[in-house]
Amino acid sequence: MSEHVDPTAPLQGEPSKSTERKLRKEARVQIVSYFLMIFMTSLAFFSIASDAVDSSFAIPFIVIVGAVQVVMQLYVFMHMGEKGTGWINTMIWSGILIAALTVGALMFLIGIVKY
Amino acid sequence: MAEQQASTYEQLPPNPETATLDGRNKYLGFWFFLGGETVLFGSLIGTYLGLRAGTADGPGPADLFHLDLVFIMTMILLTSSLTSVMAIINMKRGSHKKLLGWMWGTVILGAAFLGFEIYEFYDYYQQGLGFGTSAFSSAFYALVGTHGAHVLFGILWISTLLIRYRNSGITLTNAPKFNTAVLYWHFIDVVWVFIFTVVYLLGIGG
Amino acid sequence: MSTAQTGSKNVIWDWLTTVDHKKIGILYLAGGAFFFVLGGIEAILMRIQLMFPEFTFLGAQTFNELLTMHGTTMIFLAAMPLLFGFMNFIIPLQIGARDVAFPFLNALGFWLFLFGGLLLNVSWFTGGAPDAGWTAYVPLSSESAGQGLDYYLLGLQVSGLGTLIGGINFLVTVINMRAPGMSMMRMPLFTWSSFVASMLILFAFPALTIGLLLLMLERLFGGQFFAVDFGGNVIIWQHLFWIFGHPEVYILILPAFGIFSEVIPTFAKKRLFGYSAMVFATLIIGFLGFMVWAHHMFTVGMGPVANAIFAVATMAIAVPTGIKIFNWLLTLWGGRIRFTTANLWALGFIPSFVMGGVTGVMLAVSAANYQFHDTYFVVAHFHYVIIGGVVFGLFAGAYFWWPKMFGYRLNETMGKWFFWLFLIGFHLTFFVQHFLGLLGMQRRVASYLEGQGFGDMNFVSTMGAFLMSIAFIIFLISIFTSKKNTENVNDPWDGRSLEWTTTSPPLHYNYPQTPLVRGLDAFWLEKYEGDGRMKAAEPLGDIHMPNPTILPIVISLGLTIASFGFIYLVYWLIFVGLGITFGAMFIRSVKEDHGHHIPVDEIKRDLEEG
Amino acid sequence: MKHFWRLLPLSFILLLSGCGAENMSALNPQGPVAEMQFSLIALSLYIMIFVLFVVFAIYIFVLIKFRERPGDTHIPKQVHGNRTLEIVWTTIPIILLLMLAVPNVMDTFTLANTEIEQEEAEIEEENGEENGDDAPGSVSDQEAITIEVNAHQFWWEFEYKDYEFTAGQDMYIPTDTQVNIELISDDVQHSFWVPALAGKQDNVPGITNEMWLEAPEEGVYNGKCAELCGASHWLMEFKVVAVDQGTFDDWVDGMTEPPEESIEPTNEVAADGREVFEDSCISCHAVGDEGGQQGPDLTNYGERQVLAGYLDHEDEKLEAWLRDTEEYKPDNEMPSFSEDEIDDEEMDALIEYMNSLKVLEED
């Protein structure tokens, strides 16, 4: 490490061909999934906002749609599916598990109804 | 070693944000922080769900929520997520200008979201929902307010980066910073999607 | 851009601005020791008050403040920082790194802890410390008069933030900073268990943060989360507290387990029995630690299904813990056991902790827990695990690593006096408390009535507490009288892991050349199967190190000022404090600091001297 | 025979149950609830003593056998581990825990179940009653009574829901009858604990918790608050007075309709005392139907076991307490009465009157 590199120098050059291809493909995927999310959000919105959908169906439906969107955000926008993200997956899913336990406990185990 | 992958490369490193050890540390550490934030918001959401029936004769969710307004807010935030994704893609392409442009887009959309939220709170307050009106109101403001504070912090953070690095080009130091800021922004969006569902949609529908 | 900032003019300035993990480790130890003494004094005062029935040494209000502050101090400000001290000092050495992943955040974490702890203790001088127990159950805490509880909320919030930062730092350090060849399954158990404890910190502390935030909003800003009349619910606080609080005790005990897993193999001269089972058991304990919090709430009225589930889940923790105990015993089996003070603490730990563990299983029996809950049986149980486990671990670690950290060995004779007196005092204090609980003495009582039959055992208990104090004073004296034992400090115990390959104390860049790790117990491997020297993973060259900075203190100070603003609701003070904090963060973000390089000549000079 | 271990010689525990105050020890259980809990304690203790024995035996053996002897320089064999041993010490604890978990889960449900018939039948079955043929009679015919326990800083209020009256500090219950208890609180969290009769449940504001207990023998059982509730937490005691059904019925009658003497005393001094009481006390304390509910009901004050929850029932103590309540129970809500408010003569009359407040016939 005798040559010290200046990390504040602007990066020069072009991305490699393969990177460029990858990035182009990625941009497409991102835009498609963005519209997918917009679509799902609208679906959830209309299933509640319009009275057409029965709430016994609508409630589980919007919760599932919400969950799918969260997973899409994590894996598409935030690239949690890429290589070398093992620890990240571990931590995020542990966090989600514990958050879910917390939500469950605070909804059901607060003494109003005994289980 | 990693640090020697210098700016002198003919080609850009495919992932400038994790090209240095510092960058990799930041990347991993920030993700872990988000893992903790998950529990933080989980606790707030749980509290809200536990208390949402406790309106104590004050107004309740169904009396208040402007679902259409919140729907628009959700769209705005989703779009801001997309712009920040585009920013990172352009960062990897080496286009400093486009990086800045897309990021400013994110900031503007974020500010719009925040503006709507402030209006929303103001309106609920006018309708008689003070912070201390009921357990429901406290839990609602605590949850959505904490999210709003995150948005505000994100806007300030990204703006700082954009101003600080307006002329610097993309470097091995600022690429990780932009990347973490964008991760943070996505996370805010993820949380909002969940809040939109369990607070607003369930508040009206359930 | 690299600015060389080597050598500082002023010793105090040097410590205030340090980002060196070893110095921060020592700061943690010093800070933790200070609060440990403070918490100990609080304990002794309470034990004196309980020496006789209806004694009037202290008032009931003072007693409640003492019991609150004793618990809070010992858990947040003594046990955890002391462990953080060892973790900071030892983990980078054990994985062959020159520093932690985030030196700046590391320093910030320490100063936040220190300022948070001091803030909490300021309450003694401003009209009364918090008085609702370390668990601060609402509505007792939300309705408690005065500012004591506000100090509790803000003090813990600030120091908790520091802990969270520290936890993330250790996680990334362990994942990203390991030397070549140091795979996860070659890491020493102390590093492993600290890693798991850091995971628990990451997921447990946010729940506390929210709990404290809600209670703060309730007390200071008119929130109604816990106000029953406004639709609030008081059990939410208990869940949030224990979702944090139960993992917290594993955050304490796991690193202590790690210390024993270093000490026992070293002094038995044997490889740790069942290394992978130990790692696995640690992970399982960490996981189950999150699944069982509600066993603190068996009597609160969750219902029989919930109670039964949490009871069974809690019992399950006994299995991995048992695996660990037997692995330690089997490590000793067939070894050549040396009874140094460090090892005495480890050996004293096994029976003491097992006794605390079995009462833990008894407490997990939910139907029987209705009798145990909130009695001295519980007090006995958790002191058996926390003193018998964590504190013994800290003492074992102190005697074990002292030569590495300070370059001299602690006096063994005094060490043995310390050990035996403390051990006897400890059992004297807490063994009888099991029976006090079963005979009907509830916990957190400022006194007890004459004629209920608690007098004799409480007297014995207090005597034991005195003995523990005397023992600890011997330890403190031995720190100052042992300074001449400087021979054979680099590897005094025939160590097994990487930290024993450095000089004592280590150079500030730890390793002139990053070592190459060829197996578990890397140093032992080289000593007994190689030529006794670590192989280098890189040629000798310039070493990059971070620069010292004063900003961590400034950030912490800002938050402390803002905390006073919150406690007394002085809005301009809040803005000033937060302004200082965010200003310092802004400076940190804008003014890039890329550290400095230590030239290869200087390293060569150091090597010749060493 | 679920509770077979109860029959095992409990020398150790029996020894301990000898010490400690009578009727206030979880080791001296009275009635089905405390006995059930005691047998679980005993079972878990036996299993744990077995564990301790195994660990200590290996521990001591290892320390003696493998200690370093002078001149010993051998390097021990570096053993990696042993799969069989690992499996053994994983499996055996699991079996031991199951032995504990199964009865615990069953008891947890039993204790949460306040449905009387089912309950009694179960206990009968478990105990394998002497009469053998499960006569669904003897005990189960008795109807359960329900008491709502409202805990206050720092005293106890017992509302007898079946009879619509309220008692303070002393909870009378009939023997051999299931008593269902509903726990509530208006201020902070408390915990209702009568060690000799039943483990505790918490009085949580905003929530009603349920438990039950039963006393087979007449007697006075000590009760406590077990959850930190403020400065006088340690003084928040109460008594459970178990009496036979006849006495209990008399007591209920007396409480619902107190003797004429309590309201309009014929004794002259007591009549003066009644006046003082009406001036200073009645706004918070009730006698019979009259009076406030902020403090403990005093209808049967003359029969109280102790006063203020813990002081000996003596005139001097009562006077001292009334003169300075803060001294005897810090942070409690009751005001003190100086000599300006109640002079000595009035005080004597008041005490005389209060001592006359009885609802049971003298023996």
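A, B, ... follow the sequence lines: proteins, then strands. Residue 1 opens every chain.
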key: Residue pair B:Arg93, A:Arg24: steps toward the side chain to side chain contact (heavy atoms under 4.5 Å, CB included) verdict   = CA-CA 10 Å; B:Arg93 280 200 182 116; A:Arg24 218 167 278 194; 4.1 Å; yes
message = Tell me whether the rings of A:Phe45 and B:Phe71 are parallel (<30°), tilted (30 to 60°) or perpendicular (>60°).
response =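 If you compare the ring of A:Phe45 with that of B:Phe71, the planes turn out parallel.
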request  = Would you check, one step at a time, whether the test side chain to side chain contact (heavy atoms under 4.5 Å, CB included) holds for B:Trp31 with A:Trp87?
outcome  = CA-CA 9 Å; B:Trp31 266 106; A:Trp87 281 114; over 6 Å; no
Is chain B contacted by the side chain of [X], its backbone, both, or neither, given a heavy-atom distance below 4.5 Å?
X: A:Ser47; result: neither
X: A:Ile62; result: both
X: A:Ala44; result: both

[atom1]/[X] to [atom2]/[Y] distance, rounded to the nearest 0.5 angstrom?
X: B:Ile88; Y: A:Gln30; atom1: CD1; atom2: CD; value: 10.5 Å
X: A:Thr41; Y: B:Met75; atom1: OG1; atom2: CE; value: 5.0 Å
X: B:Tyr48; Y: A:Met107; atom1: OH; atom2: CE; value: 10.5 Å
X: B:Leu183; Y: A:Met78; atom1: CG; atom2: CE; value: 5.0 Å
X: A:Gln69; Y: B:Asp189; atom1: CD; atom2: CG; value: 8.5 Å

Are there more than 12 heavy atoms of other residues, nucleotides or ligands under 6.0 Å from atom [atom1] of [X]?
X: A:Asp54; atom1: CG; value: yes
X: A:Lys114; atom1: NZ; value: yes
X: B:Phe116; atom1: CZ; value: no
X: B:Tyr165; atom1: OH; value: yes

Identify which part of [X] has an atom lying under 4.5 Å from any heavy atom of chain A, answering side chain, backbone, both or neither.
X: B:Phe41; answer: neither
X: B:Tyr200; answer: neither
X: B:Leu28; answer: side chain

Taking all non-hydrogen atoms of both residues, which atom of [X] and which atom of [Y] are closest, and how far apart?
X: A:Gly66; Y: B:Val193; result: O-CG1, 4.0 Å
X: A:Pro10; Y: B:Gly169; result: CB-CA, 4.3 Å
X: B:Thr38; Y: A:Ala99; result: O-CB, 3.6 Å
X: B:Val190; Y: A:Val70; result: CG1-CG1, 3.6 Å
X: A:Pro15; Y: B:Lys92; result: CB-O, 4.0 Å
X: A:Val103; Y: B:Ile45; result: CG2-CG2, 4.3 Å

ask   = Is a side-chain donor-acceptor pair under 3.5 Å present for A:Tyr34 with B:Ser81?
value =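 No, no side-chain donor-acceptor contact under 3.5 Å.
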Considering only heavy atoms and a distance below 4.5 Å, find which of [options] pairs most often with chain A.
options: B:Leu82, B:Thr173, B:Thr197, B:Val85; value: B:Leu82
options: B:Val39, B:Leu49, B:Leu78; value: B:Leu78
options: B:Val191, B:Thr74, B:Thr79; value: B:Thr79

message = Is there a side chain to side chain contact (heavy atoms under 4.5 Å, CB included) between A:Ile88 and B:Tyr27? Walk through the geometry before answering.
response = CA-CA 10 Å; A:Ile88 292 170; B:Tyr27 176 69; 3.6 Å; yes
query = Of all of A:Leu23, A:Thr19, A:Thr102, A:Ile98, which one pairs up most often with chain B through heavy atoms under 4.5 Å apart?
reply =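 Between A:Leu23, A:Thr19, A:Thr102, A:Ile98, the count favours A:Leu23.
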